[in-house]
Amino acid sequence: MEMKISVRNLIEFVHRHGDIVSGGLGTSPKRMEEGTKAHVKIQKQRQKEEVAYEKERYLSYGLSLPEGMFLVDGRADGMVPKSYIEEIKSTYLPLAEITDEYAFLHWAQVMFYGFMHMKEEGLTELRLMLTYYHLEHETERSFEKNVTLKELETFVHGTIETYMAYVREDLAWKKKRNASLKELPFPFSSYRKGQRELAVDVYRTIRQGGKLFAKAPTGIGKTVSTLFPSVKALAEGEADKIFYLTAKGPLKAVAEETMALLEKRTAQVKFLTLTSKEKICVKEEVHCHPEYCERAKGHYDRINECILEILREERTYHKEMILAYAERYQVCPFELSLDLSFFSDVIICDYNYVFDPRVYLKRFFTDIREDYLFLVDEAHNLVDRARDMYSAELSKEEILAAKKLAKPYKYLHRPLSKLNDYFITLRKELEEAQGRRNYFGVSEDLIFLLKDFLQGFEIFQKEVQEDVEGRDVLTNVFFAIHGFLNISELYTEGYVTYEEKVGQDVRLKLFCVDPREILVEVFKRAKASILFSATLSPMRYYVDVLGG
Ligand code: SF4
């Protein structure tokens, strides 16, 4: 068998350390765009200086282990073959303040690429280069190291060996799981009317890939009819992971009961119910910062040991077990549950974790290397939920409230003042348009101002660590603006922009009327999707709007 992982995921799992700090700008559209531009700028500059410079070079390394072939791969930002390998990072941190601690994971990446290139070319020595580009000052600083193959081999093999401790537990589990599933009978003595047909259709869809829309009456036992063939498919190698997606809490309980029932009938399947951060957080407030939460402090120093013990000792991942381990290892229970989802066969969770661009599980869906199944329970709910998830709203009142609190921080106050002015102009225009209007498109001026605020917020996060007055309000506005920008990137023909004056307030909404186009893309993350409900009627409408 082959075990595949990207350089980045491998390093981030094995070598992560330190604190949890949420509210950063790591993946905002603005930040990603800036990062890409910085990469392109440096790569072009290098290519001018050296014709032999190659960018985005694919590299891989395969290691034959008793368990099978281990393959790690990725793209090096740049290299001059046989001379040096370069990794480029963009940052707002003053370049003089870059420490070994800060650069550790970045060095780890370039060491992997260096090793792969040396193996590829039969080299024994190579120069590694790590370049930081300061996004505000537009300056760069490079660090260099000369390394030998031996040094890098020790590091690379050590990293893989550490990771293999987790993989071995997982493989041993899967072996047991598959053996148990091969023998698994349907958990009831007979099928209800229509139940067998549904289970067969589900299994066929899983094997072939694609989507199945199933309208099945209440009482037929839809949960077991979809979960039973799906877990059987795990053992057949037709799927790697099942996402059981629900719109409401009680439906999660039904899925859990069904999994428990299958367990009683010999199935050994690890299932995990993802509980929202708010519900599983052990603090009074969800404020994931090392100065407020002792679990956030040093979380990444302790989490891997905790996971390994769970993999060795536990068979099911329920909330109480997660809370107990989180307590023992003093780690965040929410982050622990997310990590355990990697090692779960069935993840029972809200639609959000797959469909919502603000909270979906990026760890699974940014670099897909496995076959996923989406079982969408009560799928008729997905229409409204999708409209909601893909819409975003801002109001003048929240901008104004944040502006007042941002006075001490000019990098926040300036963009918020401009945004407030933008809304004042809107209000005047709306007064002449009977208080409301709608149109297609998103104002580029608005996007520019919102991105400007995000940049200011990144400085705020770095410079102001204490719990200052207004931090909550500013953070909430950050999330609102961040979400709005994310949604603006999805804006297609299925959208309408709606503006309304309510008293002195102005509300501006990007309203997703028809989520079809977005859903089509999201469903591509799965090998097969089963959308089932008693109320998928008229079927043609649901098939169309849900991206069938
Ligand atoms: S325990 Fe709560 S506050 Fe602490 S890191 Fe986890 S979610 Fe955040």
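In this text, all values refer to a predicted model and were calculated from it rather than measured experimentally. As the structure lists them, so they are numbered: ligands from 1, and atoms in each ligand from 1.
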* Measure from NZ or CZ of K283 to the centre of the six-membered ring of Y292 and say whether it is under 6.0 Å with the direction within 45° of the ring axis. => yes
* Indicate yes or no for a side-chain donor-acceptor contact from D240 to the backbone of D371 under 3.5 Å, with no hydrogens or angles considered. => yes
* Asked: Between T91 and Y102, do the side chains contain an N or O donor and an N or O acceptor separated by less than 3.5 Å?
  -> yes
* What atoms of ligand 1 come within less than 4.0 Å of a heavy atom belonging to K277? -> 7 (S)
* Can you list every ring-ring contact (aromatic ring centres under 6.0 Å, His included) pair that touches residues 314-361, not counting sequence neighbours? -> F342-F364, F355-F523
* Is it true that E309 and R328 make a salt bridge, defined as a side-chain N closer than 4.0 Å to a carboxylate O? -> yes
* To do: Please determine which of Y300, F112, F155 meets the ring-ring contact (aromatic ring centres under 6.0 Å, His included) test together with H15.
  => F155
* Protein N, O or S atoms at less than 2.8 Å from atom 4 (Fe) of ligand 1, how many? -> 1
